> 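Structure provided below as structure tokens; questions to follow.
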Amino acid sequence: QVQLVESGGGSVQAGGSLRLSCAASGYTYRTYCIGWFRQAPGKEREGVAAIYTATFSTYYAGSVKDRFTISQDNAKNTLYLQINSLIPEGTAMYYCAADPSTCRTVFNGRGESFGYWGQGTQVTVSS
């Protein structure tokens with residue numbers, strides 16, 4: 001059973017940066033797509049970034065491509081989301097999710113195909 005634990009959220013001013021972490025355990029497959037999603041109050045969940053652990057291939061939503069960076073540390077089984085130039089619209093609960101499929105297959109829309117989810121970490125951006 002894959003378990004994902006997010007951390008690193010907090011309250012920051014617009015223009016600031018945060019690095020979110022997603023500690024993974026219980027992998028039963030050799031490769032996974034790990035995605036970062038966010039859900040703002042009153043809005044649908046959206047995918048912001050994903051990485052395929054086998055090839056380190058990365059995928060980004062167009063709205064965040066220049067400000068978000070996803071990365072992985074295989075030795076620590078930890079995924080990261082570096083968020084720069086935070087804007088108030090970035091206020092949301094951020095979740096990481098994992099699935100043994102390829103990112104090309106599952107990283108789309110609200111990520112309903114992802115099989116495993118963390119509990120989320122809150123990011124609040126003030127203007």
Side-chain angles (χ1 to χ4, degrees):
Q1 181 77 2
V2 176
Q3 293 187 327
L4 304 169
V5 180
E6 302 94 333
S7 62
S11 296
V12 297
Q13 289 191 329
S17 299
L18 281 174
R19 188 176 78 160
L20 308 183
S21 300
C22 173
S25 61
Y27 282 153
T28 56
Y29 291 88
R30 292 185 63 185
T31 60
Y32 286 81
C33 177
I34 309 293
W36 281 99
F37 294 80
R38 66 184 179 186
Q39 187 164 20
K43 294 188 177 181
E44 288 192 345
R45 187 174 64 207
E46 63 171 342
V48 295
I51 188 166
Y52 187 50
T53 61
T55 62
F56 289 72
S57 297
T58 57
Y59 305 82
Y60 295 95
S63 60
V64 306
K65 189 173 184 179
D66 295 329
R67 298 185 295 112
F68 288 25
T69 303
I70 189 170
S71 61
Q72 63 179 17
D73 183 335
N74 284 344
K76 296 181 179 179
N77 270 356
T78 300
L79 285 299
Y80 302 99
L81 185 68
Q82 178 70 39
I83 309 175
N84 297 326
S85 302
L86 277 156
I87 58 177
E89 291 76 12
T91 294
M93 185 70 79
Y94 284 71
Y95 301 90
C96 68
D99 196 88
S101 301
T102 64
C103 290
R104 291 183 184 274
T105 302
V106 297
F107 183 61
N108 52 65
R110 296 181 294 175
E112 293 169 329
S113 297
F114 278 78
Y116 305 98
W117 290 83
Q119 294 300 306
T121 186
Q122 177 69 37
V123 173
T124 302
V125 185
S126 58
S127 57

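None of the values given here were measured: they were computed from a predicted structure. Just so you know, residue 1 is the first one in the sequence shown, and it goes up from there.
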> Scan residues 51-74 for pairs that pass salt bridge (Lys or Arg N to Asp or Glu O under 4.0 Å), counting only residues two or more places apart or in two chains.
none

> Quick one: which residue pairs count as a ring-ring contact (aromatic ring centres under 6.0 Å, His included) with a foot in residues 62-104, not counting sequence neighbours?
none

> Just checking, any donor-acceptor pair under 3.5 angstrom between side chains of Tyr52 and Thr31?
yes

> About how many Å separate CD1 of Ile34 and OG of Ser71, when rounded to the nearest 0.5 Å?
12.0 Å

> Tell me, which pairs form a salt bridge (Lys or Arg N to Asp or Glu O under 4.0 Å) where one or both residues lie in residues 31-41, sequence neighbours left out?
Arg38-Glu46

> Which heavy atom of Val125 sits nearest to which heavy atom of Gln13, and what is that distance?
CG1-C, 4.1 Å

> Test: disulfide bond (SG atoms under 2.5 Å apart). Region: residues 27-80. Which pairs qualify, not counting sequence neighbours?
Cys33-Cys103

> Partners of Thr69 by side chain to side chain donor-acceptor pair (under 3.5 Å), sequence neighbours excluded?
none

> Please tabulate, for side-chain N and O atoms in residues 56-63, each donor-acceptor pair with protein atoms closer than 3.5 Å (sequence neighbours left out).
unit_1 : atom_1 : unit_2 : atom_2 : d
Ser57  : OG     : Thr55  : OG1    : 2.8
Tyr60  : OH     : Ile70  : N      : 2.9

> Under 3.5 Å, side chain of Thr121 to main-chain N/O of Gly9, donor-acceptor pair present?
yes

> Determine the sole option in Leu20, Leu81, Thr91 for which the side-chain contact (heavy atoms from CB on, under 4.5 Å) test with Val123 is passed.
Leu20

> Which residues pass the ring pair (Phe, Tyr, Trp, His ring centres under 6.0 Å) test with Phe37, sequence neighbours left out?
Phe107, Phe114, Trp117

> Pairs in or reaching into residues 48-86: which pass disulfide bond (SG atoms under 2.5 Å apart), with residues at least two apart or in two chains?
none

> List in chain and number order the residues that pass side chain to side chain donor-acceptor pair (under 3.5 Å) with Glu112, two or more places apart in sequence or in another chain; answer none if no residue qualifies.
Arg110

> Please list, chain by chain and in numerical order, all residues satisfying salt bridge (charged side-chain N to carboxylate O under 4.0 Å, His left out) with Glu89, sequence neighbours excluded.
none

> Please check if Val12 and Trp36 belong to a single hydrophobic cluster, counting links between Ile, Leu, Val, Met, Phe, Trp and Tyr side chain heavy atoms closer than 4.5 Å.
yes

> What's the spacing between Ile87 CD1 and Ser127 OG if we round to 0.5 Å?
11.5 Å

> Could I get the full list of ring pair (Phe, Tyr, Trp, His ring centres under 6.0 Å) partners for Tyr27, not counting sequence neighbours?
Tyr32

> Any side-chain to backbone donor/acceptor pair from Gln119 onto Glu6? Under 3.5 Å, distance only.
no

> Mind checking side chain to side chain donor-acceptor pair (under 3.5 Å) for Asn84 and listing every partner two or more places apart, or none if nothing turns up?
Ser17, Gln82

